[in-house]
Each structure stands twice: as structure tokens, then as C-alpha cells.
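Data block below; observations after.
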Protein chains: 2
Amino acid sequence: MIRNLTEQDKEHLQEALIKSGQKVTPQREAVFTVLLAERDHPTVDEVFTRAREVMPGLSLATVYNCLETFVGCGLVRQVNHERESTRYCPNLAPHAHFRDKDTGRVHDIELPPEVLKSLRSILPPGFDSEVIEISFHGRAQAKDTHSN
Amino acid sequence: MIRNLTEQDKEHLQEALIKSGQKVTPQREAVFTVLLAERDHPTVDEVFTRAREVMPGLSLATVYNCLETFVGCGLVRQVNHERESTRYCPNLAPHAHFRDKDTGRVHDIELPPEVLKSLRSILPPGFDSEVIEISFHGRAQAKDTHSN
DNA sequence: TTGCGGATTAGACTCATTCTAACTGATTAG
DNA sequence: CTAATCAGTTAGAATGAGTCTAATCCGCAA
Ligand SMILES: [Mn+2]
Ligand SMILES: [Mn+2]
Ligand SMILES: [Zn+2]
Ligand SMILES: [Zn+2]
């Protein structure tokens with residue numbers, strides 16, 4: 001089920017695109033809508049399949065382009081695990097990822113500021129990190145059906 | 001410069017291979033030697049190129065096979081950053097990786113037990129993690145030429 | 001209207017990795 | 001001694017996520 005964007009989400013999208021000198025297009029709205037609808041870290045192909053339900057003419061190339069654009073404006077993060085297909089995450093809060101060995105599903109794990117700080121503290125002087133990626137791999141009790 | 005394996009490293013290799021029911025072969029020794037010689041997280045192609053200097057008939061397929069075998073017996077870890085080629089690391093101590101934006105080099109960052117523990121503590125109940133990957137991306141002052 | 005420039009599109013291409021099938025060489029069985 | 005076995009090695013083909021290219025599309029402004 002693909003819900004429409006809330007006014008707030010639409011503004012978020014517009015602001016980020018325009019701020020970085022790019023246009024709001026129906027394709028970008030559709031792709032962004034898909035990302036926000038189920039926050040389950042879909043792959044490009046999953047985004048493609050879902051977005052096509054609502055915009056059948058959409059091309060795979062455009063999905064790649066839209067997602068790259070979103071990453072560029074900081075609207076979404078890429079999530080990689082080993083060499084699997086890249087997944088996309090619209091959660092902008094600092095968080096880690098947990099990949100369930102059994103289901104393949106990726107869950108968001110909240111990252112408290114003090115843990116983030118203790119992580120930064122392990123860097124020796126002279127090392128200045130802009131990005132930190134934390135990913136867990138293991139088993140999660142399937143408590144529910146959602147994914148974050 | 002590719003040094004030979006120390007007696008200790010040789011025993012380490014033999015023990016791990018035999019324990020998991022596999023054989024010690026000249027190719028595996030050569031590849032392992034390369035990994036220990038410069039602990040700079042080489043890609044498969046880099047391992048291939050270096051190992052060929054000492055064993056010219058070695059094939060790329062075998063390098064892939066050897067590295068997969070080593071990962072299987074816990075002799076080395078795979079290191080991935082985004083979708084770049086997989087790199088290999090023989091450092092078995094818990095550590096994070098720092099990828100230098102400018103040089104592309106990957107540095108080992110020691111991971112103190114208390115930081116590891118604080119990281120594990122962010123997992124909600126029911127989440128059981130076997131592997132944690134931590135990677136930093138940023139700039140490092142080029143203090144020296146080695147990589148860990 | 002026409003022109004411009006960003007966006008979209010289909011399809012070709014890349015290249016790290018995986019797969020396949022033939023070969024090697026050490027070990028074991030007769 | 002042969003021959004069968006079998007893990008390991010090898011070259012090359014296949015795979016597939018991602019990137020590139022070149023042709024269109026389209027909203028806007030001269
Ligand atoms: Mn869940
Ligand atoms: Mn260094
Ligand atoms: Zn996420
Ligand atoms: Zn390492």
C-alpha cells in the first residue's frame with residue numbers, strides 16, 4: 001500500500017531538492033513516496049517495483065537517478081551489507097543497522113549520543129571522521145511484522 | 001617485499017586449515033604470506049598481483065578460493081566499504097576500520113572492550129548479534145606510511 | 001513559436017564476483 | 001605397482017548490480 005506524502009514530507013522533499021538546485025518531478029515524488037511508505041530499506045529493484053505500481057512508465061535508470069539525487073541532498077542514506085545490493089533508508093536520525101540472518105530484513109537500531117561519542121573517542125588523533133557506519137548481523141526474534 | 005611466514009604464522013595457518021578439514025597447499029601459503037606481509041587490507045587483485053611475484057602460475061580463481069577458505073576458517077576478515085571491491089584483513093583482534101577519503105587506504109582502529117560493550121548495549125531485547133562492523137570514513141593526517 | 005537545460009529513458013557497457021568443467025597431483029585401494 | 005578417488009587448481013564463461021550514453025521529453029523563458 002503506497003500512501004501519499006504528507007504535506008510535511010512534501011515540503012521536506014521540495015526544500016532539499018530546491019536547496020541543492022534541483023527540480024521537483026513526479027518521478028522524484030513517486031520514489032520518495034515509496035521510501036517513506038514502508039521504511040524497510042528496499043533495494044533499487046524493490047523501489048522500482050513498488051513505484052511502478054503508481055507510475056507504470058517509470059524506468060529503472062530513473063530510480064537509480066532519483067536515489068542518487070536524494071543521497072546527494074541528504075534526504076536518504078545508502079545502506080550496504082557486505083556486497084549485497086545497496087538499500088535505501090530515509091531515517092535521518094543517527095542509527096545503526098541490524099541485518100537479520102534468517103529473514104534478510106534490515107532493522108534500524110537507535111544510536112544514543114553517548115554511544116556515538118564513545119565510538120568517536122576510539123579514533124587516534126589526526127583521524128577525522130565524517131561518516132560512521134555501524135552494522136550488526138545476527139538473529140532477531142520475529143516479534144512483529146514491521147522493520148524498524 | 002614478501003617475507004616468508006614465521007614458524008608461528010605457519011602453525012596458525014596449518015592449524016586453522018586442518019581443524020576445518022582442509023589442506024595446506026603452496027597456493028594457500030602464498031596467499032596467506034601476502035596477507036601477513038603488508039597489513040594494508042588488499043583487494044583480491046592486489047593479493048593476486050603480489051602473490052604472483054612469488055608464484056607466477058597462480059590463478060585469480062585460486063586467490064578467490066583461498067581467501068574464501070580463510071574467511072571460512074576464521075583466519076581473515078572481509079572488509080567492505082560501500083560497494084568497493086572487498087578487502088581482506090588478517091587482524092583478528094576486535095577492531096574498526098577507517099577509510100581515508102584522500103588516499104583510499106584503510107586503517108585498523110583498535111576497539112576497546114568497553115566501547116564494544118556499549119555498542120552491544122544498544123540492541124533491543126531479542127536482537128542477538130554475531131558480527132559487528134564499524135567503519136569510519138574521513139580524512140587522516142598522513143603521519144606515516146604504514147596502514148594500521 | 002522557438003530554444004534551453006535539466007530530467008527521463010532504453011539499452012549498452014563495466015567489472016567484481018561466481019560458476020563451470022577440465023585438469024593436477026597426492027593419497028588410498030586393490 | 002596401477003587405478004580410483006578426491007580436494008584443489010585453473011581458464012574462461014556467466015552473472016548481475018551499477019554506470020554510462022545518447023536520444024528524447026518537457027517546463028519555462030525569450
Ligand atoms: Mn521488527
Ligand atoms: Mn597510518
Ligand atoms: Zn536505516
Ligand atoms: Zn582490519
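Lettering of chains follows the sequences in order, A, B, ..., and the numbering in each one begins at 1. Just so it is clear, the model here is predicted, and its values are computed rather than measured.
- For Cys66(B), the listed nucleotide lying nearest its side chain is dT9(D); candidates were dT19(D), dT9(D), dA10(C).
- Classification of Asp40(A) and Arg50(A) as a salt-bridged pair holds, one side-chain N sitting under 4.0 Å from a carboxylate O.
- Rounded to whole Å, the distance from CD on Gln27(B) to P on dC23(C) is 18 Å.
- Taking the nucleotide of DNA chain D with the nearest heavy atom to each of Arg28(B) and Arg52(B), the more 5' of the two is matched to Arg28(B).
- To the nearest angstrom, P of dG18(D) lies 14 Å from CD of Glu84(B).
- Atom pair Leu58(A):CG and dA10(C):C1' shows a separation of 13 Å (rounding to whole Å applied).
- Between Glu68(A) atom CD and dT19(D) atom P the separation is 7 Å, expressed in whole Å.
- We find that OH of Tyr88(B) is positioned 6 Å from P of dT17(C), with the value rounded to whole Å.
- An OP1 or OP2 oxygen of dA17(D) is reached within less than 4.0 angstrom by no side-chain nitrogen or oxygen of Thr43(A).
- Atom CD of Glu130(B) has more than 12 heavy atoms from other residues, nucleotides or ligands within 6.0 Å.
- Across the protein-nucleic acid pair, Asn65(A) atom CG and dG11(C) atom C1' stand 14 Å apart, rounded to whole Å.
- Distances shown here put a side-chain N or O of Thr62(A) below 4.0 Å from the OP1 or OP2 atom of dT9(C).
- When the nucleotides dT9(C), dT9(D), dT17(C) are ranked by their closest atom to the side chain of Leu60(B), dT17(C) comes out on top.
- Between Arg83(B) and Gln22(B), the residue anchored closer to the 5' end of DNA chain D is Gln22(B), taking for each the nucleotide with the nearest heavy atom.
- At least one side-chain nitrogen or oxygen of Thr86(A) sits closer than 4.0 Å to the OP1 or OP2 atom of dG18(D).
- Aromatic pair His97(A)/His41(A): centroids less than 6.0 angstrom apart.
- Classification of Asp128(B) and Arg120(B) as a salt-bridged pair fails, no side-chain N sitting under 4.0 Å from a carboxylate O.
- The distance between atom OH of Tyr64(A) and atom P of dT21(D), rounded to the nearest whole Å, is 17 Å.
- Nearest to the side chain of Val44(B), among dA16(C), dA17(D), dT17(C), sits dT17(C).
- In this structure, Phe127(A) has its ring center no closer than 6.0 Å to that of Phe136(B).
- One can place CD1 of Ile18(B) at 16 Å from P of dA7(D), the figure rounded to the nearest angstrom.
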